[in-house]
Amino acid sequence: MRDVAIIGTGETKVGEHWDVSLRHLALEAIQAALADAGVATVDALYVGNMLAGELAGQEHLGALVADFAGLSGVEALRVEAADASGAAALRVGYMAVAGGLADIVVVVGVEKMTDALAGEIVYGRSLATDGDYESAVGGSLTAVNALLMRRYMHEYGYAQRDFAPFAVNAHRNAVHNPQAMFRFPITPERFAAAPMVCDPINLFDSAPAADGAAAVVLAPGDAARTFSAVPVRIRASAVGTDALAVHDRHHPLLLRSAALAAQRAYEQAGVTPQDIDLFELHGSFGILAALSLEAAGFAAPGQGVRMALDGEIGLTGRIPIATMGGLKARGHPAGATGVYQVVEVVHQLRGLAGENQVPNARLGMTQSLGGSGGTAITHILERME
Amino acid sequence: MNIPRNWRLQQQRYRLEGEVCEKCGARIFPARDICPECEAPAKTPLVFSGKGEVYSYTTVHTPPQGFEEFAPYILALIQLEEGPLITAQLTDVDADHVDIGMPVEMVTRKVQGGGAEGPIVYGYKFRPVLHATVHAAPHE
Ligand SMILES: [Zn+2]
């Protein structure tokens with residue numbers, strides 16, 4: 001297998017883009033990434049997307065986006081793994097370059113959610129749960145995560161307000177991210193006063209549905225320097241899976257998919273959690289942030305929330321998370337989110353994160369979850385010295 | 001949800017029919033045909049008792065399309081007395097009176113539908129265990 005490097009990135013602002021179509025969002029991110037990499041043509045395009053068929057009335061995104069982005073004729077496929085779709089598209093692009101099947105690949109994650117009505121969006125996101133046994137009985141994605149959260153509170157003795165530091169940290173970091181959806185800080189008091197969505201998950205504990213697109217350009221590692229002054233090597237790329245339904249898992253509070261993906265990634269890279277300088281995790285709800293920290297080996301079971309309460313997730317903490325706002329405040333455009341996470345880690349490793357720069361960031365990790373953890377996809381990225 | 005899909009699930013919906021693994025004895029719900037404990041084929045039907053206790057619960061204030069008429073409703077994970085967890089709505093109870101560990105039993109209720117959303121779907125919900133009515137024995 002060949003080394004694979006990221007030689008360019010692009011992203012649109014995350015938000016409610018009523019005036020911009022899905023194809024225009026994808027185009028903007030791809031053009032920015034190609035310009036950053038200094039390339040005009042690619043061998044393949046992989047599109048990560050979760051909900052275009054349900055919410056944007058469009059399938060067949062590979063050819064659509066390739067044609068619209070001026071790449072007509074190239075190999076182009078859409079990759080789907082619920083809200084880990086963006087990370088899944090990167091995984092496919094990585095395999096193509098690592099395996100020598102393509103040299104220059106562009107990966108774009110794109111999602112257009114906010115045209116739809118609120119109930120349609122809740123229904124669309126619920127398609128990531130088990131359709132016969134969770135969503136069929138009224139289980140929204142938020143509801144099944146709320147079931148995890150209440151059980152976690154019961155087993156480990158936490159209160160709902162103890163989850164506030166995840167949202168407070170995310171909002172604090174989004175203030176300095178020009179691409180973020182919610183660029184304002186929140187207080188623990190404001191968190192506690194937010195209305196319930198599916199209690200104990202309230203509005204400020206939930207990542208917002210959004211529109212957006214993010215893209216990266218991949219190249220073989222040995223050629224990366226001809227394109228980019230500061231390329232970033234993909235040291236690990238790994239996928240783990242588990243039952244879609246929470247009720248089908250042996251231990252609902254242990255995210256097996258995330259533990260498997262993280263373990264495989266650490267083995268590929270030959271590193272341990274102690275070597276990771278920042279971790280862009282899938283904090284669509286505080287409970288998933290906590291369970292991800294635990295599954296990836298940064299905290300013991302039941303200690304993920306304690307880490308956040310102890311201030312260890314901030315930019316200068318033991319393991320910074322949501323450094324550009326995370327899913328909660330940058331926004332969560334479902335199938336685009338996995339690529340945003342990677343773009344943000346690349347910014348950190350290149351020293352381009354501005355006010356949010358993690359000091360001496362050399363090794364960064366991303367972890368994207370589909371649904372409540374049926375899929376987990378982990379990438380470890382390293383600044384090439 | 002369309003009619004054939006609901007029809008295929010009727011044994012699970014109306015009778016809590018799952019499976020038992022002939023090799024290791026695991027009792028499996030929902031049916032999945034391969035034992036999650038030992039990975040042997042498991043296709044022997046087993047009807048569950050419908051008794052269990054609340055493992056976790058939430059009140060859904062923002063429902064998916066198709067469930068608006070029920071909101072707010074209580075969704076729960078129930079640990080069945082045979083072992084497996086099941087996701088289901090609670091009925092005949094206020095959220096204020098639900099606790100983890102509360103004994104519950106299965107009942108059949110309307111789960112979805114009517115009107116523009118498609119056919120009415122009946123299936124399992126769970127309610128607090130009612131104390132059995134004791135009929136006074138006739139005095140001799
Ligand atoms: Zn078995």
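Proteins get letters first, then strands, A, B, ... in listed order; numbering begins at 1 in each.
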*Could you go step by step and tell me if A/I201 and B/T58 meet the side-chain contact (heavy atoms from CB on, under 4.5 Å) rule?*
CA-CA 9 Å; A/I201 292 180; B/T58 177; over 6 Å; no

*Find the distance between OH (A/Y133) and CD1 (B/I86) and round it off to the nearest 0.5 Å.*
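Nearest 0.5 Å value for the OH-CD1 distance: 9.0 Å.
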
For residues [X] and [Y], determine if any side-chain heavy atom of one lies less than 4.5 Å from a side-chain heavy atom of the other.
{"X": "B/H61", "Y": "A/V197", "value": "no"}
{"X": "B/T62", "Y": "A/T142", "value": "no"}
{"X": "A/R151", "Y": "B/L77", "value": "no"}

*Salt bridge present between B/R8 and A/D132 (N-O < 4.0 angstrom)*: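 No salt bridge links B/R8 with A/D132.
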
Ignoring hydrogens, what is the shortest heavy-atom contact between [X] and [Y]? Give both atom names and the distance.
{"X": "B/Y57", "Y": "A/L147", "answer": "CA-CD2, 3.4 Å"}
{"X": "B/P30", "Y": "A/D248", "answer": "CD-OD1, 3.5 Å"}
{"X": "A/R150", "Y": "B/S56", "answer": "CB-OG, 3.4 Å"}

Proximity breakdown for [X] and chain A, heavy-atom pairs closer than 4.5 Å:
{"X": "B/V60", "answer": "both"}
{"X": "B/A95", "answer": "neither"}
{"X": "B/Q79", "answer": "neither"}
{"X": "B/Y55", "answer": "both"}

*For the candidates A/M196, A/E134, A/R249, which exhibits the highest count of non-hydrogen atom pairs separated by less than 4.5 Å from chain B?*
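Option with the greatest count: A/M196.
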
*For chain B, which of A/G138, A/A143, A/S140, A/A146 has the most heavy-atom pairs under 4.5 Å?*
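When all of A/G138, A/A143, A/S140, A/A146 are compared, A/G138 has the most.
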
_Between A/D199 and B/T59 (side chain of the first, backbone of the second, donor and acceptor by atom type, cut-off under 3.5 Å), is there such a pair?_
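Flag set: sc A/D199 to bb B/T59 pair under 3.5 Å.
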
*asked:* Counting heavy-atom pairs closer than 4.5 Å to chain A, which one of B/P36, B/A88, B/P64 comes out on top?
replied: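 Looking at each of B/P36, B/A88, B/P64 in turn, B/P64 comes out on top.
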
_Does A/Y158 have more than 12 heavy atoms from other residues, nucleotides or ligands lying within 6.0 Å of its OH?_
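Above 12, so yes.
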
*Return yes when atom NE2 of A/H60 has more than 12 non-hydrogen atoms of other residues, nucleotides or ligands closer than 6.0 Å, and no otherwise.*
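Counting neighbours around NE2 of A/H60, 12 or fewer heavy atoms of other residues, nucleotides or ligands fall under 6.0 Å, so no.
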
